[in-house]
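Residue numbers begin at 1 in each chain, while the letters A, B, ... track the order of the sequences.
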There are 2 protein chains.
Amino acid sequence: MNEYTNEITLLKALSHPARLAILEALRPGEACVCHLEALFGWRQAYISQQLMVLRAAGLLADRREGWNVYYRVTRPEIYTLIDALHQISQSGETAPLPIPPPSCTCPRCQEKGARRFNKHPHLEEVNPTL
Amino acid sequence: MNEYTNEITLLKALSHPARLAILEALRPGEACVCHLEALFGWRQAYISQQLMVLRAAGLLADRREGWNVYYRVTRPEIYTLIDALHQISQSGETAPLPIPPPSCTCPRCQEKGARRFNKHPHLEEVNPTL
DNA sequence: GCATGATATTCATCTTTTTGAATATGTTTT
DNA sequence: AAAACATATTCAAAAAGATGAATATCATGC
């Protein structure tokens with residue numbers, strides 16, 4: 001179950017209101033920490049913590065200039081994901097569900113001589129690594 | 001900070017390898033629990049738990065047919081998000097970072113008479129609700 | 001070098017997630 | 001109704017995440 005390691009790291013970094021808000025604030029371009037501090041009215045340390053998470057996930061890079069540290073998004077593609085997220089979240093709850101699709105392709109359901117009282121086939125015969 | 005409630009619920013539902021894998025398995029269409037059980041080789045109760053999370057997030061619906069319960073994705077748009085996720089995750093670590101973008105639009109940085117030793121402007125003057 | 005401003009990190013605590021184990025629910029066949 | 005099956009739910013312990021408080025780092029101006 002070590003699949004999706006990168007994906008999960010990324011998703012977890014995004015799964016926080018403050019971090020989503022920060023990414024939104026960075027959409028137009030880079031910003032220094034003091035900007036975010038003033039914009040959101042959060043404690044400096046708190047913002048720094050969240051920036052750390054986003055940076056650890058590889059989403060942000062920083063650049064020092066005198067007193068200030070400027071953060072920027074390193075993967076603008078993240079906004080494609082975020083936009084999709086908003087779209088899905090906004091659509092009214094459980095829409096008028098589509099007509100039930102065709103029947104299951106389950107290995108068991110597929111068995112030709114599918115006797116109804118039967119143990120599952122052994123996993124080895126069935127699992128072509130998804 | 002009650003913003004993004006729906007978004008966070010959705011992201012958290014996705015932030016789990018087993019659940020991502022399940023959604024992947026459901027991409028071609030609906031499947032019964034025994035299918036997933038055989039496909040992944042996980043405990044039945046475990047799969048049911050993960051399905052519950054996805055259902056609670058409004059991503060899945062179920063349909064009973066005799067012995068089996070068939071699950072299907074109610075919001076195919078989720079795959080747009082997942083595809084974006086994979087794309088971002090696969091791109092090699094921190095790509096050759098783009099040239100540092102233009103300077104910060106931070107309220108402080110914007111102040112015309114920006115005296116360098118100055119307190120931040122009061123938040124009320126600055127925070128137009130992001 | 002020292003004081004100050006901006007940002008980062010560590011620590012401790014509290015809450016949430018994860019996941020195995022046990023058990024419950026509901027359906028079908030006999 | 002009882003047995004067999006498929007799936008769902010509850011519980012508890014361990015792991016991970018969130019966050020306030022305190023403190024550290026590092027650049028700048030004197």
Side-chain angles (χ1 to χ4, degrees), chain A residues 1 4-5 8-9 11-22 30-40 42-57 60-71 104 106-109 111 114-121, chain B residues 1 4-5 8-9 11-22 30-57 60-71 104 106-109 111 114-120:
Chain A
M1 203 184 301
Y4 299 119
T5 308
I8 299 305
T9 302
L11 284 174
K12 289 198 172 182
L14 294 179
S15 301
H16 192 291
R19 295 197 286 269
L20 273 188
I22 287 175
E30 68 175 8
C32 63
V33 179
C34 77
H35 174 93
L36 301 171
E37 202 177 342
L39 182 60
F40 295 118
W42 300 333
R43 292 177 315 127
Q44 175 273 318
Y46 182 72
I47 292 176
S48 222
Q49 284 170 329
Q50 306 303 161
L51 288 171
M52 258 194 295
V53 176
L54 290 170
R55 195 180 39 185
L60 298 185
D62 56 336
R63 167 178 76 84
R64 173 148 229 146
E65 190 179 307
W67 284 345
N68 302 317
V69 174
Y70 293 83
Y71 279 87
C104 174
C106 165
R108 162 147 185 201
C109 303
E111 288 187 74
R115 287 159 299 167
R116 313 193 82 174
F117 288 95
N118 218 8
K119 273 290 170 196
H120 275 153
Chain B
M1 203 186 300
Y4 299 121
T5 307
I8 299 304
T9 302
L11 284 174
K12 289 199 171 181
L14 295 178
S15 300
H16 192 291
R19 295 196 288 267
L20 272 188
I22 288 175
E30 69 175 9
C32 63
V33 179
C34 77
H35 174 95
L36 301 170
E37 201 178 342
L39 181 62
F40 294 120
W42 299 333
R43 293 176 313 127
Q44 175 272 318
Y46 181 72
I47 293 176
S48 222
Q49 284 171 330
Q50 305 304 161
L51 288 171
M52 256 192 297
V53 176
L54 290 170
R55 196 181 38 185
L60 299 185
D62 57 336
R63 167 177 78 85
R64 174 150 228 147
E65 189 179 310
W67 284 344
N68 302 317
V69 174
Y70 293 83
Y71 278 86
C104 174
C106 165
R108 164 149 184 197
C109 303
E111 287 188 74
R115 288 157 300 167
R116 312 192 83 177
F117 290 94
N118 218 10
K119 273 291 170 195
H120 276 152

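- Candidate nucleotides D/dA8, C/dA8, D/dT7 were compared by shortest atom distance to the side chain of B/Asn68, and D/dT7 ranks first.
- Consecutive pairing runs in DNA chain C reach the stem threshold at C:1-30 with D:1-30, where a stem means at least three Watson-Crick or G-U wobble pairs with distances under 3.5 Å.
- Comparing A/Lys12 and A/Asp62 along DNA chain C, the residue whose closest nucleotide (by nearest heavy atom) sits nearer the 5' end is A/Asp62.
- Within the 4.0 Å cut-off from OP1 or OP2 of D/dT19, not a single side-chain nitrogen or oxygen of A/Arg43 is found.
- Taking only distance into account, the side chain of B/Arg64 never meets the base of C/dG26 through a donor-acceptor pair shorter than 3.5 Å.
- The B/Ser48 side chain lies nearest to D/dT9 when the options are C/dA8, D/dT19, D/dT9.
- In this structure, CZ on A/Arg64 lies 11.5 Å from SG on A/Cys32, to the nearest 0.5 angstrom.
- Across all their heavy atoms, A/Leu14 and B/Ile8 have their closest contact at O-CD1, 4.1 Å.
- The separation between B/Leu20 atom CG and C/dT18 atom P is 12 Å, rounded to whole Å.
- Separating the CZ atom of A/Phe40 from the P atom of C/dT7 is a distance of 14 Å, rounded to the nearest angstrom.
- Rounded to whole Å, atom C1' of C/dT19 lies 11 Å from atom CZ of B/Arg19.
- Looking at every heavy atom in both residues, B/Arg19 comes nearest to B/Ala13 through NE-O, 2.6 Å.
- The distance from the CG atom of A/Leu60 to the CE atom of A/Met52 is 12.0 Å, given to the nearest 0.5 Å.
- For B/Cys34, the listed nucleotide lying nearest its side chain is D/dT7; candidates were D/dT19, C/dT7, D/dT7.
- Here D/dC11 presents its C1' atom at 18 Å from OH of B/Tyr46, a figure rounded to the nearest Å.
- Taking the side chain to side chain donor-acceptor pair (under 3.5 Å) definition, one finds that B/Thr9 meets it with nothing, sequence neighbours left out.
- Between the CH2 atom of A/Trp67 and the C1' atom of D/dC26 there is a distance of 13 Å, given to the nearest Å.
- Atom CE of A/Met52 is separated from atom P of D/dT25 by 14 Å (rounded to the nearest Å).
- In this structure, CG in A/Asp62 is found 9.0 Å from CG in A/Leu51, a value given to the nearest 0.5 Å.
- Rounded to whole angstrom, the span from the CD1 atom of B/Ile47 across to the C1' atom of D/dT9 amounts to 16 Å.
- The side-chain contact (heavy atoms from CB on, under 4.5 Å) search around A/Arg43 returns A/Ala45, A/Tyr46, A/Gln49, not counting sequence neighbours.
- Residue B/Tyr71 places at least one side-chain N or O closer than 4.0 Å to OP1 or OP2 of D/dA8.
- Comparing B/Gln49 and A/Gln44 by the nucleotide of DNA chain D whose heavy atom lies nearest to each, the residue mapping closer to the 5' end is B/Gln49.
- Look at B/Arg55 and you'll find a side-chain N or O under 4.0 angstrom from OP1 or OP2 of D/dT9.
- One atom, CG of A/Leu36, and another, P of C/dA8, lie 10 Å apart when rounded to the nearest Å.
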